[in-house]
Structure formats: C-alpha cells, structure tokens
Amino acid sequence: MLSALIAGGCITIFGIFFGLYMFLAYVIKAPMLGPILGPVIGSLIVNKLLEMIIVALFCMIVFSSIIAAFSVFYLDDEIRLLISSPVAIANIFWSRFVLMLVESSWMASIFFLPIFLAFCAASKAPFWAFFLYPVYLFIYLLLPNVLGGLTALILGSLFPIRQMRKVFQFLSVLVLAGMVFFFRYLEPEKLLNPNYFPSVSTYILSLRTSSLDWFPSTYLREASLHLFAGRLSDSLEAFLPLIGMVLSGLLLLHLFAAAFYRISWQKSLEAVENQVLSLEWVRRILIYPFRWFSHDVRVVCSKEITFFFRDPAVFSQLFMMIAIVIVYGYNLSILPLKDLPQLYSGEMNDTLVYFNGPFIGFILAAISMRFVYPSISLEGRAFWVVKSSPIPPSRLMVIKFFLYLIPNMLLGWALCMISNSLFVVTSQTLRVISFANVTIMAVVTTALAIGLGAVYARFDMDNPLKVAGSFGGFVYMIANGLFIINLLACQVYPMYRFYFSRFYPLRDLTGKVLIGFSLTMLLVCVIAWSAIPLIRGREAIERYEPN
Amino acid sequence: MNQTDSSAQEIVIEFTGLKKTYGAFEAVKGVDLSVRRGELFGFLGPNGAGKTTIIRIMTGIIRPTDGRVSIGGVDLLAEPEKAKIRMGYIPDRPYLYEKLTPMEYFDFIGGLYALDPEIAKQRGENMLRFFSLWDWRNELIEGFSHGMKQKVAMSASLLHDPDILVVDEPMVGLDPRSVRLVKDFFLNLTKRGKTIFLTTHTLSVAEDLCDRIGIIQRGRVVALGSLDELRSRSSDVTFDLESIFLQITEEEDEVAHGNPPEARLPAAVSNEF
C-alpha cells in the first residue's frame, strides 16, 4: 500500500512538473511572435506567471494559516494542559506556531514545489538552483504564516475566538479586500493581451516591472530570476530583504505572543455561541426536503447539514473555497479568447474546453478534501452511536456519498456551464462531453473522499482542516491526481479523433475499435475508481473499534 | 408453569465461549453467561477486567475474536440489525453529537431506529422533563456538563422502548438526586419486564439494584449469582458486596500470581507512598 502510494505520489508530482515544464518551455520561446521577439516576450511572460503563482501561494497560505491558527492556538484541547504547566507562554506559543506552520503549508508545499521546479527547468537553471530554490520557498512561506499567526492573535485579543460570527465578519472583509487587491492592482488580464498597450515596447516594459514593488513576492521573483540565470550572489542579495522581513515578522510575533497569547487564550474560553452566523433559517430550508425520504436518510442528512452550519471549523473553509472559485472564473473570463482565432485555428477554444475539464476536477477535489473527506472522521467519538444502532456503517457511507455528490455535481455543472459559455463552445457534442466529464469527476472525487475518508478516518480529530491535512488527505489528493491523469489517458484517442474529424474522418475499423476500447476502459476505470474506495472504506469502518 | 413465569425464564442475553484478543493480549477469555428477561444483572470487576469490552461486543461496537452472542434469541453476529434494534445502550463516556440540541439528537437517534419522528419527539420531551433538562432542550449539547450529557444519552437509549438496556457505569457524573432518580427508573423498567445489563464500580448501586451479579477478572467470570449466593461463597455471611468483591478478586489474584496482593506492590512504590 505504502509503495503504491509513494509511486502514485511520484507520478502525480512528476505529472505536474512535466506538464508545466512542457507548457513553460513552449511559452518561453513564444514561436508565434517570431524568432527575435518571441524569446524576449516569452521569457517575460513566464516570469510574470511565476510572480502570479508566488502571490497566489502567499494569499492561499495566509488564509490557510489563519484558519489553522484558530484551532492550533485556541481551540485544541491539549492547550489547557500546556497552559496549566510551568512552561513559559512564549515557548508554548512557538510550539503551537510550528504545528500551525506544518498544518497550513505542508500540502501546498508538496504540490507547489514541482510547479516552481518546472520554472527552474524551463529557464534552464543550473543544477544547484534546484537545491537552493526549496530553501528560498521555505523562508518565503514563513512570512504568510507569520502574518496568519499575527492576524489570529489580534483577532483573539479583540474578541473571544469562539464568537465566530465576529471572526467571520472580519475574515469576509479580508477576503473581499484581497479580491479587490488581486484584480485591481495585479491586473492579470493585461499579461495575456498585448492590445492593452500602445506599443510593443510599453508591453515589454510592463512585463519587466513588478506589479507590486513593496510585496514580498517581488523579492522572491527577483531572487528567482537571478538564480535561474546562475547568478548566485545577485540572487542572495535580492533575497536579503525578504529574510529581513521574515526575521522582523518573527520578532513582532514573539513580542505579540508574549504579551497577548495567554490573555487571548483565556478570553477564548469565555463565550460559546450556539448558532453560527444566524443562518438557522437556511439550515431549516435545506433539511426540509429530506422529510420525504426514509428515516435514516432524513436524520443523517439533517445532521450533516446542521453540522455544516454550526461548526465554525467546517464553515470557515467556505471562504477559501469561494475565493478559489471566483479566481477560477475570473481567470477564465480574462483569457484573450477573442484574439486567439486570429493566431490559431478555430479549434483552439474547443481544445481549451477539453483541458479545462481537469481544472474543474482539481477544484472539485480541493473542495471535497475540505468538506467531504472529513465527513466520516467528523462523526468523531460519537461514532459509537451509529455502530451500536441498527444502521450498518455502509448505509451511513452510502447516504453521505449521495448527499455530498449533489452539491459537488451542481458546482461542477455550474463551473462547466460558465466555462463553456466563456469559451463559446460551438460543438454540441463537445458540450455534452464536457458535462459528462464533470459528472464523472464529481462522482469519483466524492467516492474517493467518502471512501478514503473512511479508510483513513481520524475519529479523534474534531477539526476538518486537521483531518484534511492528515496523511489520508494527502493520499486523497494523490489519488485524485492519478484519476485525472487516468481519465485524460482514456479519452486522449477519442478526443484526438473528434478534434480532427473535419480533416481526418473516422472511417477505418482500427480507429473505431480503439475508440470503443478507450471508452470501455474509461467506464471500467470510473467504476473501479468509485467502487474500490467505497468498499475499502466500508471494510475499514466496519473493522473500526472505538476506544 | 403459567405464561408469565415462562416469559420470565426466557433467556434474552446469552454469551457462549466469548473471546476477544488484541494481538497477544486476551481481554476476554471464553465467557459463558446468560441473563433472563426482566432481570437486572450487574457486571462487576476491577479496572481492565474486560467489562467494557464485553459490553461493546454485545452492542455490536466491536467484534469478538470468537464465540457467540445472542440477543433476544437473535445471533448478533449473523443479524446485527435485528439484534441491535432490541437494545438500548448507555456508554460510560457520553460522547454525543455536540452541535445538536437534545431534541435534535433524539430525532437523529429516532431516525436510526426507524422511529416515527412524532413518537421520538414525544418520548424525548418526556425524558427531558423527567431528568429536569427541559429548560435546556434548545441548547447545544456541547455546553452541557458530563452529568447532563449522561442524562441525554440515557434518554436517547430509551426512545425506541428497547427490551434490553445495556448500561456502562450509569452513575458517573450524576448528582445524588439524579442517582436516586436513575435507580428508581431502572427498577421500574425491570418491573415492566425490561432487562438491564449494567456494569458499575459503585458497589452500593449493584447491591441495591441487581438481581444477580457476575464478577469478571482478567477476562474470566470468576463469580456469578445473587448477592446471597455470593455471600455464602465468602468467608463471612454478613459481608456486604464490597467485602465480597474484594475477597473474591484478591483470591483470584493469589491464584494467578501465587502471592498475596500487598506483596506485589513494588517496594519503591510502597516507600514512596
């Protein structure tokens, strides 16, 4: 099992690295712009993309660390024991900070590292840059964690952290502010459309200069560019201000923690609000239709929906997810699709639709990891209730599977509909294929989440972020990556024949047989990817013996 | 023998050769035991003797390594759903779904046992009034004390009106008034023909309530019978249950280790305390 997992992880990570490397290696030359201008603009576009990814990683880790800090600093049970011990408060805080750092960043690091290494490879960086770059990234990642930790400390000092309504009001303002900042100041749409600029030289100039002079990403970007070019001393010099920022941030955090951590933790015990966000009426509306279902379906679904609205640890994930979906939609909307047909063939948009499928799959997987994967674990220590009841655990899994499949599929269809309209899909067949793909991905991501969530259930954890960030969550993401690769591989031949049917009509028997074989394989794989995790999950929770 | 007598003799809980091992450790070593309808059976034993393991096996939470469990004539392992619907279970640690209110929790439990929601609601309300929790009916369980949670768990276990009630340490966390309330309630249930299988460390509770008592030690039942039968086995017929329990368990310790219990206390620990 472990060796299969390591192999799967390696394939997924290598897949990300290789896919992006091929893409960047092509863009860096920009052959459509000619042999002289192409490499100049191409490398600038790649550098700009690098900066955008660095900023996106920063924002993602800030939110992730704020959410992690709430539980690690304030809500975990073991803090009571630590606070009552004779250990200095600053030491307790730093031990919690390390925990928060790991929880908020480990998975993002694993998935982002191959992305950054692909930039290294595409830029033909010297071999030692591949070893130094992870060190740069680690130092860089400390900064959003320091910011997240500071935000949590300040929020904790201002009001009891369990009064989640205020915390969420604050966080939603922060998310909105982040969005405005991202879209208005970074202006990613200009990156892809030279028509925004009066001349090529202005365009090049805009690509060369950083969008955010004062932002930490600028220093990492500069250091990266020197590193890729093999200029070590220049790279270190460019990176120094970032190290200064990190050290100052850590010092500030230390001073804040020494002054406010104990007080804010004590304050966090003061109030427990019963209803989160006053959304009781929404909860009632959502559980209402289940009254027409069987008793067990009704009560399990009602409980899940109730937990979603009342557990701040679950609900808080929603902000990050909404942000991901908005960024996805916006990025699609800014693609210069209107200009593309002039440069490429008319099939470009249709091809993009095919490659957009896996992106929707990754969004569904990321959302399922936060909401669906932890659902079995969140039965928690009360799981004895189900185990001692006449409901078999397998029934619980099936109910949860269908309950979570509905929103997952609706979200997938919504994203598919938006992207199809933005891509102005001309082919009816392609539209049907894109919806079928999203349906398949929704089914498999949900089945994997419920199944692997049961196999790697952590009934001792009551925080979904921790559950998602545990070993099983990692396995889940790897499994999703492998499934998407598998899905693409099964479809590659039929899609190739479909796209080129205008020039290369399907008349030969071999082609028909290969398409038939591919689609049969697809069906078999989808059934296997859905059924095996659910069966393994059922076996695991039937075997599970609560303490 | 009339109909009532024969029904009272009916065996509703039966363990045959029940074993449970964890790796090399044998937690339960071939337990044979039967409990009759309407009986209040007390299961006593030192810490780690295997009481909770047996209770978890009979409620279907864990599977035995070997042996058979029959609940109301139904094989628990072969037909777990049919067997479980006849039972109510109150665990020693009342871990409940804390984001629900007691009434929502009752609705959830009622659904698992296929109970009509109106009946679950009615019975739940009655139980909350009985346990003086009515004022907290719309509060989340997460804000409840241990004793209050225990009362909610107790109420929920009775919603589907089970024939058999399995209770692990019922009095932990309850105030004296509630202890009295629960004791009377259990006696009332057995008068109505319900069977109660309880484990407790509070020997006075067992002494006051139980028709028969089983003592388990190191995974084996070492004594079984009514209080008088156990007393007759002891060295002094005036012994209370505590003295009987201590004598029996110490004798078993001597048999197991070949020396008196006090001699087994490590010297360092003896001196320290």
Side-chain angles (χ1 to χ4, degrees), chain A residues 75 162 164 271-276 280 283-284 287 290-315 378-396 399 459-460 462 539 541-547, chain B residues 20 22 27 52-53 55-64 76 79-101 104-117 120 136 138-144 149 153 156-157 160 162 166 168:
Chain A
L75 303 175
R162 281 167 211 256
M164 296 309 286
V272 178
E273 261 196 4
N274 275 352
Q275 311 295 335
V276 176
E280 186 62 12
R283 184 190 74 85
R284 282 176 191 275
I287 63 174
F290 291 101
R291 63 177 50 215
W292 289 291
F293 287 77
S294 66
H295 292 304
D296 53 356
V297 172
R298 179 182 67 79
V299 297
V300 171
C301 294
S302 301
K303 177 179 79 66
E304 292 295 303
I305 293 168
T306 303
F307 268 55
F308 177 80
F309 280 99
R310 291 193 188 154
D311 193 342
V314 178
F315 203 90
L378 290 182
E379 291 290 316
R381 293 185 175 95
F383 191 51
W384 66 268
V385 173
V386 176
K387 286 278 274 187
S388 65
S389 80
I391 300 291
S394 55
R395 174 86 177 145
L396 180 81
I399 296 172
F459 293 104
D460 56 327
D462 53 7
E539 289 167 357
I541 57 170
E542 278 175 352
R543 270 198 316 270
Y544 173 69
E545 299 189 346
N547 293 318
Chain B
K20 179 69 184 174
Y22 295 99
T52 299
T53 304
I55 277 202
R56 287 182 178 178
I57 289 173
M58 72 185 285
T59 50
I61 292 175
I62 61 177
R63 286 179 73 83
L76 177 74
E79 296 177 282
E81 287 82 34
K82 261 175 95 174
K84 285 177 186 178
I85 208 154
R86 294 169 188 222
M87 268 186 298
Y89 170 47
I90 306 164
D92 53 345
R93 285 172 291 180
Y95 292 124
L96 309 175
Y97 292 106
E98 304 219 329
K99 295 290 175 192
L100 302 180
T101 66
E104 288 165 349
Y105 182 69
F106 295 152
D107 184 50
F108 177 72
I109 298 293
L112 295 186
Y113 286 85
L115 200 63
D116 184 89
W136 282 272
N138 293 323
E139 298 295 319
L140 298 193
I141 293 171
E142 70 180 353
F144 285 16
K149 287 178 188 172
S157 70
H160 62 292
V166 182
D168 199 358

Heavy-atom pair with the smallest gap, counting every atom of Tyr97(B) and Ile141(B): O-CD1, 3.8 Å
Report yes if the side chains of Glu379(A) and Lys303(A) come closer than 4.5 Å at any heavy-atom pair, otherwise no. yes
Residue, of Leu100(B), Leu112(B), Leu96(B), Ile109(B), that accumulates the most heavy atom pairs under 4.5 Å with chain A: Leu112(B)
Please check: side-chain N/O of His160(B) versus main-chain N/O of Met87(B), any donor-acceptor pairing under 3.5 Å? yes
Looking at Ser302(A), Pro393(A), Pro392(A), which makes the most heavy-atom pairs under 4.5 Å with chain B? Pro392(A)
Taking Lys387(A) for its side chain and Tyr544(A) for its backbone only, find out whether a donor-acceptor pair lies under 3.5 Å. yes
With only heavy atoms counted, which part of Leu115(B) is less than 4.5 Å from chain A, the side chain, the backbone, both or neither? backbone
Looking at Pro390(A) and Glu81(B), what are the two nearest heavy atoms and their distance? O-CG, 2.7 Å
Please state whether the side chain, the backbone, both or neither of Thr306(A) comes within less than 4.5 Å of a heavy atom of chain B. side chain
When the 4.5 angstrom heavy-atom criterion is applied to Val300(A) and chain B, the contacting part is both
Which bit of Arg381(A) comes within less than 4.5 Å of chain B, counting heavy atoms only: side chain, backbone, both or neither? both
